[in-house]
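Have a look at the structure below, then the notes.
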Amino acid sequence: MIYYDKVTKIYKGEAALEDVSFSVEPGEFLSIVGHSGAGKTTLMKMLLAEERPTSGSVFFQSENIHEMPPRQLFAVRRKIGTVFQDFRLLPDKTAYENIAFAMEAAGRSEEEIASDVPHVLELVDLGDKMRHFPHQLSGGEQQRVAIARAIVNQPDVIVADEPTGNLDPVNTFEVVQILKKINDLGTTVMLTTHNKGVIDSLKKRVITMDRGKVIRDDKEGKYVL
Amino acid sequence: MRSSSFWTNTKRVFRSGFLSFWRNGFVTLSSILMMTLTLFVLGLVVFTGIILNETLQSLQDKADISIYFTTDAPVDQIMSLQQQINTLPEVATTTYTSATDELAAFEERHQNDQLTLQALSELGSNPLGAVLTIKAKDISEYGAIAQYLQQQEALGGTNSSSSSIIDKVNYFDTAHQEAITTLQNVTDSAEKLGLVIIVILALVTIAISFNTVRLAIYTSRDEISVMQLVGAPRSYIRAPFLVEAMLYGLVSGIVTLILYYPLTYWLGQATENFFGGINVFSYYISHFGLFFLLIIGAGVLLGAVASYLATRRYLKL
């Protein structure tokens, strides 16, 4: 489904990624761990075409992401839900509108929006905070809105880059539970994290990176650094 | 999954543009203030141009050449000279005033001057001759007309009669000639200066507008990247910003038009007295449609272009 083929990224003479190759199967829950600067975020940005590889290719459903025309790329992005450490919600839109915007961007009808948005907000337990703006929500709540936005278009993959980085242990646990639930329903999840507890409790595949290289790839891995 | 139609998208774009216009209170307010200033300056440029133009026009209208005829000049000869002058391409109009009318005008001008009137009545006959006043199409053409008249005079009049019927042509008074030349120079340099000022002011105001809208959109650059990440097409991201910036232009234009009402009212009498002829208030009211189109149009257009350029900067793939 996703295939990184000998991907190298060089920033100002220094390699952020060096000859990275691995693939992700449909329905898999993959965690990527490593120190800061190991190249985890760069890897995620490659998949979203926010960054171009210096050499090598990234394939999504057998198509090279970096050779797609813009129109096709917009379509691919709608198949990938994204969750970030800093939530990245639209500050001038309410929780409801943030999620509705992702649906509008995907060209969904008003009726679908009216029925799906409340439903997905209920799923992340925020049914009573639909009309709140991001600044009126706690960090954990904002991250749950971000997850709701990521899943509302029923994407094939969820990319979560340090989603628990700004959260306390209780919210961290809740966010990971939601991601697990999404994965159980068949969606592929790619997660990067620093959190040893999260990785050890998941008991799923773990790729360990160090200085731009993949140093371990374990089927039922643990946080080893 | 049902796909949304063009109209649904348009509706969403407008709703989103209106919403962020309303919710970004401070950014909206400062953008409108800056844009109002810009449009106000633009309006000043237009008003200055109009006042300058009208004043020059009225000054130019005051320039003319008068031919004073001798008291015994026969009317038919004067008429034939008038016809000849009328055929000159430089001439706009000629006005004939008979000796009797001249006398009446003279008496009216001096109605409080008993001494002059008494001296006039003692003369017994009309000492004034008929006058032909010539207006040129352009102020620079008086020289050519005067030259033509000089030739006529040298030839000894309009026909073969021995004595000239022309007593005096007042263009040849040095003072009159100088006044026309000076006026011509002033007109030329005022037009050039006016044009330079208009171009500079227009450039400055456009730069201000661009920067204002760019700053407003700069505050949304993170939003733009989020919109791209959720897969929104570029046009769909750009359109609400376009709507928002055009709203800034619209509201600023309306505010500017409202501000000009009391301002021109206040200045109307003063401009009429000072510049002679034009009252900015009545001009503003009678040409309101034009000002409306100009100010609102400029505001909306500036907003649109500025937002197009600004969003392009933050829209990366």
Side-chain angles (χ1 to χ4, degrees), chain A residues 44-45 47-52 65-84 86-94 97-113 115-116 133-135 146 148-155 159 161, chain B residues 1-31 215-241 243-245 247-248 307 311-312 314-317:
Chain A
M44 298 295 203
K45 284 183 170 175
L47 182 62
L48 297 165
E50 276 196 290
E51 295 277 1
R52 292 189 76 84
I65 293 229
H66 299 96
E67 284 174 5
M68 282 177 189
R71 191 174 284 272
Q72 199 183 344
L73 187 61
F74 299 142
V76 163
R77 280 179 174 163
R78 289 183 213 132
K79 292 184 188 170
I80 304 174
T82 45
V83 182
F84 300 95
D86 54 358
F87 322 132
R88 294 218 211 166
L89 298 173
L90 300 174
D92 298 323
K93 292 190 191 292
T94 61
E97 288 165 351
N98 261 283
I99 297 164
F101 182 83
M103 293 186 76
E104 288 176 6
R108 308 279 287 272
S109 73
E110 297 291 329
E111 296 78 30
E112 282 176 303
I113 292 175
S115 77
D116 289 8
F133 286 94
H135 66 88
R149 177 180 66 186
I151 60 175
V152 76
N153 284 329
Q154 293 142 22
V159 169
D161 190 15
Chain B
M1 188 193 296
R2 268 216 317 256
S3 192
S4 53
S5 70
F6 173 76
W7 287 114
T8 314
N9 276 339
T10 311
K11 202 175 75 189
R12 285 171 179 172
V13 160
F14 272 88
R15 191 181 56 202
S16 170
F18 274 99
L19 267 182
S20 55
F21 177 86
W22 185 247
R23 284 180 186 166
N24 297 330
F26 188 71
V27 174
T28 301
L29 187 71
S30 54
S31 300
L215 278 177
I217 292 176
Y218 177 79
T219 59
S220 307
R221 65 197 184 287
D222 290 337
E223 289 183 49
I224 293 177
S225 74
V226 174
M227 291 173 180
Q228 285 193 292
L229 275 180
V230 299
R234 267 185 271 196
S235 56
Y236 192 75
I237 297 174
R238 182 174 264 169
F241 287 105
V243 169
E244 195 179 345
L247 272 177
Y248 293 158
S307 109
T311 45
R312 199 175 63 171
Y314 301 112
L315 276 172
K316 289 171 286 179
L317 262 179

Worksheet item: Heavy-atom distance under 4.5 Å to chain B: side chain of Arg149(A), backbone, both or neither?
Response: side chain
Worksheet item: Which atom pair, heavy atoms only, marks the closest approach of Leu229(B) to Arg88(A)?
Response: CD1-NH1, 3.3 Å
Item to complete: Using a 4.5 Å cut-off on heavy atoms from C-beta on, say whether the side chain of Phe101(A) contacts that of Val226(B).
Response: no
Response to the item:
Scored by heavy-atom pairs under 4.5 Å with chain B, the best of Thr82(A), Asp92(A), Ile80(A) is Asp92(A)
Worksheet item: Between atom CZ of Arg71(A) and atom CZ of Arg234(B), what is the distance when rounded to the nearest 0.5 Å?
Response: 11.0 Å
Worksheet entry | Minimum heavy-atom distance Lys93(A)-Ser16(B), with the two atoms named | NZ-OG, 3.6 Å
Practice prompt. Could you look at Lys79(A) and say if it's the side chain, the backbone, both or neither that has a heavy atom under 4.5 Å from chain B?
Written response: neither
Worksheet item: Measuring heavy-atom distances to chain B, does Phe133(A) have an atom under 4.5 Å in its side chain, in its backbone, in both, or in neither?
Response: side chain
Practice prompt. Return the set of residues passing side chain to side chain donor-acceptor pair (under 3.5 Å) with Asp116(A) (not counting sequence neighbours), or none when no residue passes.
Written response: Arg108(A)
Item to complete: Scan for salt bridge (charged side-chain N to carboxylate O under 4.0 Å, His left out) pairs involving residues 14-24 of chain B, sequence neighbours excluded, and state none if there are none.
Response: Glu97(A)-Arg23(B), Glu104(A)-Arg15(B)
Worksheet entry | Heavy-atom closest contact (Pro233(B) atom, Ala105(A) atom, distance) | CD-O, 3.9 Å
Item to complete: Apply side-chain contact (heavy atoms from CB on, under 4.5 Å) to Gln228(B) and Glu50(A), showing your working.
Response: CA-CA 10 Å; Gln228(B) 285 193 292; Glu50(A) 276 196 290; over 6 Å; no
Worksheet entry | Contacting moiety of Ile237(B), where chain A heavy atoms sit under 4.5 Å | neither
